[in-house]
Chemist: 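I am attaching a structure below and will ask some questions about it afterwards.
Keep in mind that this is a model prediction, so the values were computed, not measured. Order of listing sets the numbers, starting from 1, for every ligand and every atom in it.
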Amino acid sequence: MYENPRLILDSSNPPEPGSITWRSPSNIALIKYWGKYGQQLPQNPSLSLTLASSCTDTMLEYAFKEEGDNGKIDLEFFFHAEPNEAFQAKTQAFLESLLPLFPFLKQLKLTIQTGNSFPHSAGIASSASGMSALALCLCSLEDALFGTLQDAGAFDRKASYIARLGSGSACRSIFSHAAVWGETPLVAGSSNEFAVPVGDQVHEMFKDFHDDILIVSQDEKTVSSRDGHALMDGNPYAEARYAQARQRLGALLDAMRTGDLATFGKIVEDEAMTLHALMMCSNPSYTLMRPNTLAILEKIRAYRAETSHPVYFTMDAGPNVHLLYPGDIVHEVRAFIEDELKELCEDGYVQQDWVGEGPEEL
Ligand code: PMV
C-alpha cells in the first residue's frame, strides 16, 4: 500500500547529514490481539491504552553515501550505547524488508542509537515501544528528505502501518490515550493495516488512568508471541475467540464511553484470562502464568471485594500483571501494592505507568 519507487534521492543534490529522535511508549491491550494472518494482519480488532513511562528513545542518524548506493542497508546499531548483534541483525532485516517502501534507505549510511526507560530483562514488552519509535524515525526521515508526510493524519497512519510490520501491537503505540487496531464497524476509519486513535471517544477518566506493572518474573518467555500467534491457527476455539473479541470490543467501547468502570473491569479481566486460556488449550499446551501471577490475581480480587475500589488486572503474553485503576485512588492502591503485592514480585520490582499522550519527537 505504501510502495513508492519515486522516493529516491537525487545524487546531484545530496541531503546534508542529519538526525531524528523519537520517544515512543509501550501500550497495554485491553481487548487482545492474539492470532494473525498474511503479513502481520490481525484476526480480530484490539483496543489498547497508550502508556507513558515505559518507552523507547531512538535516534536515527543519516548521511548520504558519497561512494554510491550498493543496493544494501548500511547500518550501525547501538543499544544503550553498546553494539548489539542480535538487535542489529533484526533491525537490518526489517529495514531491508522495507526497501520497496523506503528505497532511499539504501542511499544512506544509517546509525541507530536506541534505549528503553525500563530494564530490558524486566519482561515488559519492548517491541511495541521499540518498533513504534523506529517507524516514527523512518517516517520523519522520509518527510525531511521528500516533504511527503506533511499531513499529521497521513504521517500517523503511515507510522502505524510501518510499526505494525515490525511488531503487530506496536501500531497502537502511535496514538495518545487509546487506540483500536483492526477493521470493525464500531470505529470509523478502522483498518487491519494500521491503528486509529479512539482517545477522544472515551470518558475523560481514561486520560488519568494508571497501569502499574507487577514484574513476577524476568525470565525469557518459554513460548514467544510469534509462536503463540501461530498456535492459534490450530486452536479449536479460534473462530469462537475471534467472534468473542469483536463482541467484547463493542461492550468495552460502550463502557469506556460512559465511564462504567465495573463493566470495563469485568471485560478487561475476562480478556486477560481468555488469552491465557487460549495458551493452555493450544497444541502443544503451555502456561506463561507463574504461581505468583495467580497469587497476585487472588489478592486483587480480595482487595476489590473488601474496599470496593475499581482496581482491575490484565496480562499480556507473559507472567506479569498489569494493575489498572483510575487516578483518584492512586494513594490507596500504591499502599496496597507496597503492603501486599510487592513481595510477590521478582526483586520487588514494579514499573509504575499511566496513560499518556503518545510519542514525542525530541
Ligand atoms: O505484537 P505482538 O506480536 O508481540 O503480540 C502482542 C500480543 C499481546 O500483547 C498478547 C496482545 C496485544 O494485543 O498486545
Chemist: Could you tell me which atoms of ligand 1, counted from 1 in the order shown, lie closer than 4.0 angstrom to a heavy atom of Ala317?
Modeler: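 Ligand 1 atoms under the 4.0 Å threshold to Ala317: 10 (C).
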Chemist: Which bit of His229 is near ligand 1, meaning a heavy atom under 4.0 Å away: side chain, backbone, both or neither?
Modeler: side chain
Chemist: Any chance the rings of Tyr33 and His229 have centres within less than 6.0 Å?
Modeler: yes
Chemist: Ring of Tyr237, cation from Arg241 - is the NZ or CZ under 6.0 Å from the centre and inside 45° of the axis?
Modeler: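 No; the conditions do not both hold, so Arg241 does not lie above the ring face of Tyr237.
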Chemist: Where on Arg172 is there a heavy atom closer than 4.0 Å to ligand 1, on the side chain, on the backbone, on both, or on neither?
Modeler: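 The answer is the side chain of Arg172.
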Chemist: Which of the atoms in ligand 1, numbered in the order shown and given with their element, are less than 4.0 Å from a heavy-atom of Asp316?
Modeler: 9 (O)
Chemist: Go through the side-chain N and O atoms of Asn44 and Arg246 and say whether any donor and acceptor fall under 3.5 Å apart.
Modeler: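 On atom types as modelled, these side chains do not qualify, holding no pair under 3.5 Å.
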Chemist: Have a look at ligand 1 and work out which part of Ser169, if any, has a heavy atom under 4.0 Å from it: side chain, backbone, both or neither.
Modeler: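 Near ligand 1, Ser169 shows its backbone as well as its side chain.
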Chemist: Could you find the nearest protein heavy atom to atom 11 (C) of ligand 1 and give me its residue, atom name and distance?
Modeler: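 The closest heavy atom on the protein side is Tyr33 O, 3.4 Å.
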Chemist: Would you say Lys36 has any N or O atom under 3.5 Å from an N or O of ligand 1, going by distance alone?
Modeler: no
Chemist: Can you measure from CG (Asp74) to CD (Glu67) and round to the nearest 0.5 angstrom?
Modeler: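 One finds 7.0 Å between CG of Asp74 and CD of Glu67.
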Chemist: Will you find, in the side chains of Tyr37 and Asp233, an N or O donor that is under 3.5 Å from an N or O acceptor?
Modeler: no
Chemist: Suppose I only count heavy atoms of Ala29 and a 4.0 Å limit; which atoms of ligand 1 are within that range?
Modeler: 12 (C), 13 (O), 14 (O)
Chemist: Any chance you could measure Leu362, atom CG, to Ile20, atom CD1, to the nearest 0.5 Å?
Modeler: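 Interatomic distance, Leu362 CG to Ile20 CD1, rounded to 0.5 Å: 12.0 Å.
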Chemist: Walk me through it: do Ser176 and Lys207 pass the test side chain to side chain donor-acceptor pair (under 3.5 Å)?
Modeler: CA-CA 9 Å; Ser176 65; Lys207 296 192 173 146; over 6 Å; no
Chemist: Can you list the ligand 1 atoms lying under 4.0 Å from a non-hydrogen atom of Ser225?
Modeler: 4 (O)
